[in-house]
Amino acid sequence: MLTTRPRGTNDILPNEIDKWQRLEEVLRHVSRLYGYSEIRTPIFEHTELFQRGVGETTDIVEKEMYTFVDRGERSLTLRPEGTASTVRAYVENKLFAGPQPTKLFYLGPMFRYDRPQAGRYRQFHQYGVEVFGSRDPSIDAEVIAMAMDIYTRLGLKNLSVELNSVGCTKCRSVYRKELQKYLEKNKHKLCSTCQARYDRNPMRIFDCKNENCQALIEEAPTIADLLCNECRDHFNKVQEYLKALGIPFHLNPRLVRGLDYYVQTAFEIVAQGIGAQSSIGGGGRYDGLVEQCGGPATPGIGYAMGLERILLTLQKQGVMQEETKNIDVYIATLGEKAHLKGAVLAQQLRNKELLVEYDYLKRSLKAQLKAADRYQASFTIIIGEEELTNNQAVVRKMEDGSQACISFADMEKYLIDNIRKG
RNA sequence: GUGGCUGUGGCGAAGUUGGUUAACGCACCGGAUUGUGGCUCCGGCACUCGAGGGUUCAAGUCCCUUCAGUCACCCCA
């Protein structure tokens, strides 16, 4: 156990940190373009926040939370998603009193106690945005367009946007009853989980993979048929804006997202070929959430994307180009005095913005050159007794093995000139 | 929480119906080249064959338990 990381967690090693940083760069850049400011909230919150915010009946709250009691006997929970915390921060810090809408993004680890599999981990990373203060359908469309913009910039292909409206609390309860009425006579034929869903949240039966359940619900009325005028109008406008923005989408009346707070717009972005966990992002509108979390009635919409899944998709689609790392100068030394001189020279060259490595192991020259080769150094400076007395060093161009004797006084200029050129 | 597959040196892997000192490749370190890399050759590098228990004269090879990885279900990013 001492040398094993906890289940479902990952070390991001030096050889892969690069792609993470490049991904994060794109996310921050696009955030700026769309006018979002970063918010950093705690990794853990009062358990109650997620219970109320995410919803008591969701899988997240029922079986996936990392909850613990601290020394002050408070129940705390490692955040399983980002929206609840962001809403809490919005309310607590009275951001609603500032200019609206408020557009925020976050980036960081989330935690869910789930069985790990391809594209699913217990600690995973999400980037997400939240917009508070507007119920206008144009922002729904923009948020979806923004997500697609990010994927496109990253080079992802073959994605599909699944879009639905889950209605407001009013039309949803009407729909619920309709759906229950439709399924009533066949209720006993549903699988056991769907029988439970029948009472709690019959819309989730659409998600069931069981063929029998699928058959039973196939001809069921969809929410689209029963949206109230306001919701239907909103949904139509969202589609209108999406079309105008050139974002293709699939209407999916069966898309039901697993978090309780969604109303009206719900969407998911799906990638192919990364296994069963194909959703690389999703979101929707949550107009009642801020109020429910103790703030003023404020509309909101947001989405989150899973960074591991994005990286996985990038890899599967082969759009991940390796970044070559090489240094400018390797300093090889022989003998104690030369070693000291090398240390000083390394500092001097680094001050001139050169990437410099130096041998700390007092290895043989041969071994040092081998190291220089591994670092893909452009030049290796060799300093030994002889060079010290002549106040110069051998500078070897690694590419072709050509060497020159350069005085320490001219070293900086020589290297800078030659490296810039090459 | 449920199920399938897997678990041998840093990595990738051989390992016959259980039978002596557990292949091979890569990586790493050193030498051939007394102060010079990338190629070649030579050499070096394994106290637990995931862990624990059992069967047997004898187990990496059989049985049980457990842990981990992986994929899938549930659900989600």
Side-chain angles (χ1 to χ4, degrees), chain A residues 1-10 13 15 54 57-65 79-83 106-128 147 191-194 196-197 201 204 207-210 213 255-259 268-271 274-283 302-313 330 332-335 338 359 361 363-388 393-403:
Chain A
M1 290 307 254
L2 190 59
T3 56
T4 315
R5 62 182 186 275
R7 187 157 208 212
T9 63
N10 285 109
L13 298 171
N15 64 359
V54 178
T57 65
T58 58
D59 276 20
I60 290 179
V61 171
E62 281 187 340
K63 51 180 206 185
E64 295 174 4
M65 295 209 299
R79 62 181 186 193
E81 56 101 59
T83 300
Y106 58 82
L107 178 56
M110 304 293 165
F111 306 84
R112 291 185 202 171
Y113 188 89
D114 215 346
R115 196 87 180 261
Q117 75 184 71
R120 173 196 287 156
Y121 309 98
R122 289 183 173 182
Q123 174 173 341
F124 60 101
H125 295 78
Q126 282 189 337
Y127 162 85
C191 71
S192 56
T193 48
C194 283
R197 284 166 170 158
N201 190 352
R204 298 208 65 86
D207 280 345
C208 190
K209 303 285 195 300
N210 185 307
C213 298
L255 175 69
V256 181
R257 299 192 44 83
L259 291 86
E268 205 164 298
I269 292 141
V270 179
I274 56 169
Q277 308 307 319
S278 57
S279 165
I280 59 170
Y303 67 77
M305 45 181 80
L307 305 195
E308 282 82 359
R309 289 185 188 174
I310 289 174
L311 258 13
L312 204 63
T313 313
Y330 187 92
T333 64
L334 289 158
D359 178 69
L361 300 175
R363 289 179 286 200
S364 67
L365 182 61
K366 178 189 165 83
Q368 292 186 58
L369 273 158
K370 207 167 179 176
D373 189 52
R374 235 198 323 266
Y375 283 119
Q376 299 184 67
S378 303
F379 290 90
T380 298
I381 298 175
I382 300 167
I383 311 171
E385 297 294 325
E386 205 179 306
E387 285 77 12
L388 279 181
V394 172
V395 178
R396 181 181 178 85
K397 188 175 184 183
M398 297 304 280
E399 193 183 2
D400 56 14
S402 61
Q403 297 191 164

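What's counted below: heavy atoms across the whole structure, side chains too, no hydrogens, waters or symmetry copies. Sequence lines set the chain letters: A, B, ... in the order given, protein chains first and strands last, and positions in each chain run from 1. Here the structure is a predicted model, which is why all the values come from computation and not from measurement.
- Remark: B:G69 base-pairs with B:C5; criterion is Watson-Crick or G-U wobble with both hydrogen-bond distances under 3.5 Å.
- Between A:R5 atom CZ and B:G50 atom C1' there is a gap of 15 Å when expressed in whole angstrom units.
- Nucleotide B:G60 has no partner under the Watson-Crick or G-U criteria, as no pair reaches both atom distances under 3.5 Å.
- Positionally, the nearest nucleotide of RNA chain B for A:T9 lies more toward the 5' end than for the other of A:G282 and A:T9.
- Between the P atoms of B:C73 and B:G12, the separation comes to 26 Å (whole Å).
- Separation of the C1' atoms belonging to B:U21 and B:U17 is 24 Å when rounded to the nearest angstrom.
- In plain terms, the two heavy atoms of A:A304 and A:Y106 that are nearest each other are CB-OH, 3.7 Å.
- Within the 4.5 Å cutoff, the side chain of A:L365 has heavy atoms near those of the A:L369 side chain.
- Rounded to whole angstrom, the span from the CZ atom of A:R120 across to the C1' atom of B:U2 amounts to 13 Å.
- Taking atom C1' in both B:U6 and B:U66, the straight-line distance is 16 Å, to the nearest Å.
- Contact between the side-chain N/O atoms of A:Q117 and the OP1/OP2 oxygens of B:A72 is found at a separation under 4.0 Å.
- Distance check, rounded to the nearest 0.5 Å: CZ of A:R5 to CD of A:Q123 gives 11.5 Å.
- Separating the CZ atom in A:R309 from the CD1 atom in A:I269 is a distance of 13.0 Å, to the nearest 0.5 Å.
- The nearest whole Å value for the distance from the CE atom in A:M65 to the P atom in B:G1 is 17 Å.
- Atom name C1', nucleotides B:C24 and B:U8: the rounded distance is 13 Å, in whole Å.
- With a cut-off of 3.5 Å on both Watson-Crick or G-U wobble distances, the partner of B:U36 is given as none.
- We find that CZ of A:R7 is positioned 12 Å from P of B:C71, with the value rounded to whole Å.
- Note that CD of A:E387 and CD of A:E385 are 9.0 Å apart. Values are rounded to the nearest 0.5 Å.
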Using a 3.5 Å cut-off and no angle test, enumerate the donor-acceptor pairs between side-chain atoms of residues 110-120 of chain A and protein atoms at least two apart in sequence or in another chain.
{"unit_1": "A:R112", "atom_1": "NE", "unit_2": "A:P80", "atom_2": "O", "d": "2.8"}
{"unit_1": "A:R112", "atom_1": "NH2", "unit_2": "A:P80", "atom_2": "O", "d": "3.0"}
{"unit_1": "A:D114", "atom_1": "OD2", "unit_2": "A:R120", "atom_2": "NE", "d": "3.3"}
{"unit_1": "A:Q117", "atom_1": "OE1", "unit_2": "A:R120", "atom_2": "NH1", "d": "3.2"}
{"unit_1": "A:R120", "atom_1": "NH1", "unit_2": "A:R115", "atom_2": "O", "d": "3.4"}

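- Between B:C45 and B:C29, the two P atoms lie 16 Å apart (nearest whole Å).
- Residue A:R115 has no polar side-chain atom (N or O) positioned under 4.0 Å from OP1 or OP2 of B:U2.
- Rounding to whole angstrom units, OH of residue A:Y121 and C1' of B:A72 are separated by 14 Å.
- Atoms CZ (A:R79) and P (B:A77) sit 14 Å apart, rounded to a whole Å.
- Using a 4.0 Å heavy-atom cutoff across all strands shown, A:A372 reaches no nucleic acid atom at all.
- Residue A:I381 holds its CD1 atom at 13.5 Å from CZ of A:R396, rounded to the nearest 0.5 Å.
- The two atoms that bring A:I382 and A:Q403 nearest to each other are CD1-OE1, 4.4 Å, heavy atoms only.
- One interatomic measurement links the two molecules: CG of A:L13 to P of B:G10, which rounds to 16 Å at whole-angstrom precision.
- When both pairing distances are held under 3.5 Å, B:G43 makes a Watson-Crick or G-U pair with B:C29.
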- Task: Report the C-alpha distance between A:Y330 and A:D373 in whole Å, list the side-chain angles of each, state the deciding distance to 0.1 Å, and finish with yes or no for side chain to side chain contact (heavy atoms under 4.5 Å, CB included).
- Result: CA-CA 9 Å; A:Y330 187 92; A:D373 189 52; over 6 Å; no
- Query: Tell me, for nucleotides 33-38 of chain B in 5' to 3' order, what letter each nucleotide earns: B for a base near a protein heavy atom under 4.0 Å, S for only sugar-phosphate near one, - for neither?
  - Reply: --BBBB
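- Nucleotides B:C28 and B:C39 are separated by 10 Å at their P atoms, to the nearest Å.
- Atoms CZ (A:R122) and P (B:G1) sit 8 Å apart, rounded to a whole Å.
- Checking B:A72, B:A77, B:A68 against the side-chain heavy atoms of A:F124 singles out B:A77 as nearest.
- Across the strands present, B:G12 finds its partner in B:C24; the criterion is a Watson-Crick or G-U wobble pair with both atom distances under 3.5 angstrom.
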